[in-house]
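Take a look at the structure below.
Positions are given from 1 along the sequence. This is a predicted model, so every value here is computed, not measured.
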Amino acid sequence: WASLTFDWRLVLMAMSTPSVSFLIPAHNEEKIIGTALDHLRPLAGPRVEVLVGLDGCTDGTKEVVSRYDFVRYIELNERRGKPAILRHLMELARGEIIAIHDADWRFVCDVKGLEALLTSFADPKLGGIVLPPHHLPFWERRKWKSFTFRGVSVGTSLLAEYLLCTQTKRVGDELYVDKAKVVYPFTVDVFRRALIPAAATAADDFERFLFLMDTDYKVKVFNDRSLPYFETTATDWSPMGHFRQRIKGHLARAQLKERCDFQAGFSNFHLPFAKYCLMNAGRRGVADLLAVTLWLVTILLALIVAKIIMLKNLPGAQDAWKYRVRS
């Protein structure tokens with residue numbers, strides 16, 4: 001009976017909500033992509049498709065993906081980077097709504113949650129949705145393996161809190177981005193396909209958000225653990241891995257400034273956020289304060305290295321993506 005009820009709800013959702021395509025760019029992800037696909041399996045159906053782009057994989061990623069009968073995949077023999085893969089996948093996608101899904105994430109959602117997500121787009125003026133911060137699973141306190149992972153986890157949660165406090169507005173029972181207050185981009189990984197072209201920079205999630213800020217479309221914010229969110233499958237990052245990721249982030253933002261109006265500066269964002277971060281981390285305890293301080297110092301050092309790299313040449317989206325954390 002439980003399975004029959006579940007199938008009936010899927011049928012109802014297919015009749016009443018727009019279709020969605022989950023796009024997963026993947027390069028040598030054989031150890032982790034199965035977790036991502038296992039979490040999507042219960043949602044797959046007539047209105048939910050899953051597309052995987054194999055970006056020059058040299059391991060067994062293709063073999064893993066091919067075991068899932070609900071997955072469509074394309075294979076690029078030459079590694080081209082995330083933006084190029086996403087362009088291919090968006091050309092193939094059938095869904096009215098696009099959800100960008102990294103291979104090292106899992107989509108935490110049931111059928112009811114997915115319906116809540118997709119029915120939001122019944123509002124024709126809604127362009128995209130900011131999901132609860134997906135970078136690290138800070139919803140529940142866990143035993144972090146390193147100060148690096150602890151610092152990134154707590155720091156990311158504080159960044160989300162700060163943006164919610166300073167860049168959103170409440171309309172009835174729902175939360176939306178306040179365009180008049182935006183100086184630092186939110187990440188948009190769920191959006192109306194017809195509105196947004198494929199990203200051209202390594203900061204694809206920020207690029208989508210800033211594109212929506214230049215339109216009359218609204219951006220809704222989910223900030224409730226009962227609603228869908230992405231969660232990383234990582235349980236630890238090395239200091240060098242985090243450092244490389246931060247270099248990638250700085251290079252991506254430099255690419256972004258050449259294409260979009262990116263207002264965040266030292267006085268209007270970085271300094272007030274650093275103060276907010278240290279004050280609130282201190283209230284959580286000495287360990288969190290030290291970990292977040294290390295996180296901020298790493299971001300600063302990575303900025304210096306990124307500036308040195310850019311003195312020679314600003315890397316393209318493909319080269320910047322090479323700095324990302326390897327799970």
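Of the inter-residue distances, the one linking Asp205 atom CG with Asp189 atom CG reads 5.5 Å to the nearest 0.5 angstrom. Atom NE2 of His242 and atom CD1 of Ile247 lie 10.5 Å apart (nearest 0.5 Å). In this structure, OG1 on Thr58 lies 3.5 Å from CG on Asn28, to the nearest 0.5 angstrom. Here Lys31 contributes atom NZ and Asp59 contributes atom CG; the two are 9.0 Å apart, rounded to the nearest 0.5 Å. The CG atom of Leu86 sits 6.5 Å away from atom CG of Leu23, with the distance rounded to the nearest 0.5 Å. Considering CD1 of Ile74 and CG of Leu92, their distance stands at 5.5 Å, rounded to 0.5 Å.
No continuous path of hydrophobic side-chain contacts links Leu300 to Ile308 [ILVMFWY only; heavy atoms under 4.5 Å]. Hydrophobic clustering, with ILVMFWY side chains joined whenever heavy atoms are under 4.5 angstrom apart, keeps Leu158 apart from Leu271. Linking Ile, Leu, Val, Met, Phe, Trp and Tyr residues whenever their side-chain heavy atoms come within less than 4.5 Å places Met240 and Leu301 in a single cluster. Cluster annotation: Leu303 and Leu251 are assigned to distinct hydrophobic clusters (Ile/Leu/Val/Met/Phe/Trp/Tyr, side-chain heavy-atom contacts under 4.5 Å, transitive).
Contact of the Val50 side chain with the Ile24 side chain is registered, since non-hydrogen atoms from C-beta on lie closer than 4.5 Å. In this structure, Tyr217 and Leu195 have side chains that are in contact, with non-hydrogen atoms separated by less than 4.5 Å. At least one side-chain heavy atom of Arg284 sits less than 4.5 Å from a side-chain heavy atom of Ser157. Counting heavy atoms from C-beta outward, Val190 and Val20 have side chains that stay 4.5 Å or more apart. The closest side-chain heavy-atom distance from Lys179 to Lys169 is not below 4.5 Å. At a threshold of 4.5 Å between non-hydrogen side-chain atoms, the residues Leu163 and Leu159 count as touching. At a threshold of 4.5 Å between non-hydrogen side-chain atoms, the residues Leu131 and Phe107 count as touching. Side-chain contact between Phe243 and Arg246: absent, with no pair of heavy atoms (C-beta onward) separated by less than 4.5 Å.
In this structure, Lys82 pairs ionically with Asp102, as a charged nitrogen and a carboxylate oxygen lie closer than 4.0 Å. A salt bridge is defined here as a Lys NZ or Arg NE, NH1 or NH2 lying under 4.0 Å from an Asp or Glu carboxylate O, and Arg193 with Glu96 fails to meet this definition. With respect to the salt-bridge test (charged N to carboxylate O, under 4.0 angstrom), the residues Arg283 and Glu161 do not qualify.
Here the rule is side chain to side chain donor-acceptor pair (under 3.5 Å) with Ser120, and of Glu174, Glu115, Lys220 only Lys220 fits it. Partner Phe22 forms a side-chain contact (heavy atoms from CB on, under 4.5 Å) with one of Val48, Leu37, Leu51 and no other, that one being Val48. Each of Val64, Leu40, Val52 was scored for a side-chain contact (heavy atoms from CB on, under 4.5 Å) with Val71, with one residue passing: Val52. Only one option out of Asp288, Val292, Leu290 pairs with Phe147 in a side-chain contact (heavy atoms from CB on, under 4.5 Å); it is Leu290.
Using a distance-only test at 3.5 Å, with no hydrogens or angles considered, a donor-acceptor pair links the side chain of Arg208 to the main chain of Val188. Remark: side-chain polar atoms of Arg253 are paired, donor with acceptor, to backbone N or O of Gly249 under 3.5 angstrom. In this structure, Thr166 contributes its side chain and Tyr162 its backbone to a donor-acceptor pair below 3.5 Å. In terms of modelled atom types and a separation under 3.5 Å, the side chain of Thr168 and the main chain of Asp178 share no donor-acceptor contact. Under a 3.5 Å cut-off, the side chain of Arg192 and the backbone N or O of Leu126 do form a donor-acceptor pair. Looking at His250, its side chain does come within 3.5 Å of a backbone N or O of Ile299 through a donor-acceptor pair. Gln167 contributes a side-chain N or O that, together with a main-chain N or O of Val183, makes up a donor-acceptor pair within less than 3.5 Å. Judged by distance alone, with hydrogens and angles left aside, the side-chain atoms of His27 form a donor-acceptor pair with the main-chain N or O of Asp55 at under 3.5 Å.
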Kindly determine whether Ile97 and Leu117 satisfy side chain to side chain contact (heavy atoms under 4.5 Å, CB included), including the steps that lead there. CA-CA 10 Å; Ile97 308 302; Leu117 179 72; over 6 Å; no

Could you check Leu210 against Asp214 for side chain to side chain contact (heavy atoms under 4.5 Å, CB included), going step by step and ending with a plain yes or no? CA-CA 7 Å; Leu210 292 175; Asp214 291 335; 5.5 Å; no

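Around atom NZ of Lys125, more than 12 heavy atoms belonging to other residues, nucleotides or ligands sit under 6.0 Å away.
Counted by atom type alone, Glu49 and Ser21 present one or more donor-acceptor pairs between their side chains at under 3.5 Å.
Using the six-membered ring where Trp is involved, Phe70 and Tyr68 have ring planes that are perpendicular, over 60° apart on the 30 and 60° scheme. Ring geometry, Phe273 versus Trp295: the interplanar angle exceeds 60°, so the pair is classed perpendicular (tilted spans 30 to 60°).
Annotation: Phe191 is not in aromatic contact with Phe209 [ring centroid separation under 6.0 Å not met].
What you find for Gly172 and Arg170 is that their closest heavy atoms are O-CG, 3.2 Å. Contact detail for Ala36 and His101: the closest heavy-atom pair is CB-CE1, 3.7 Å.
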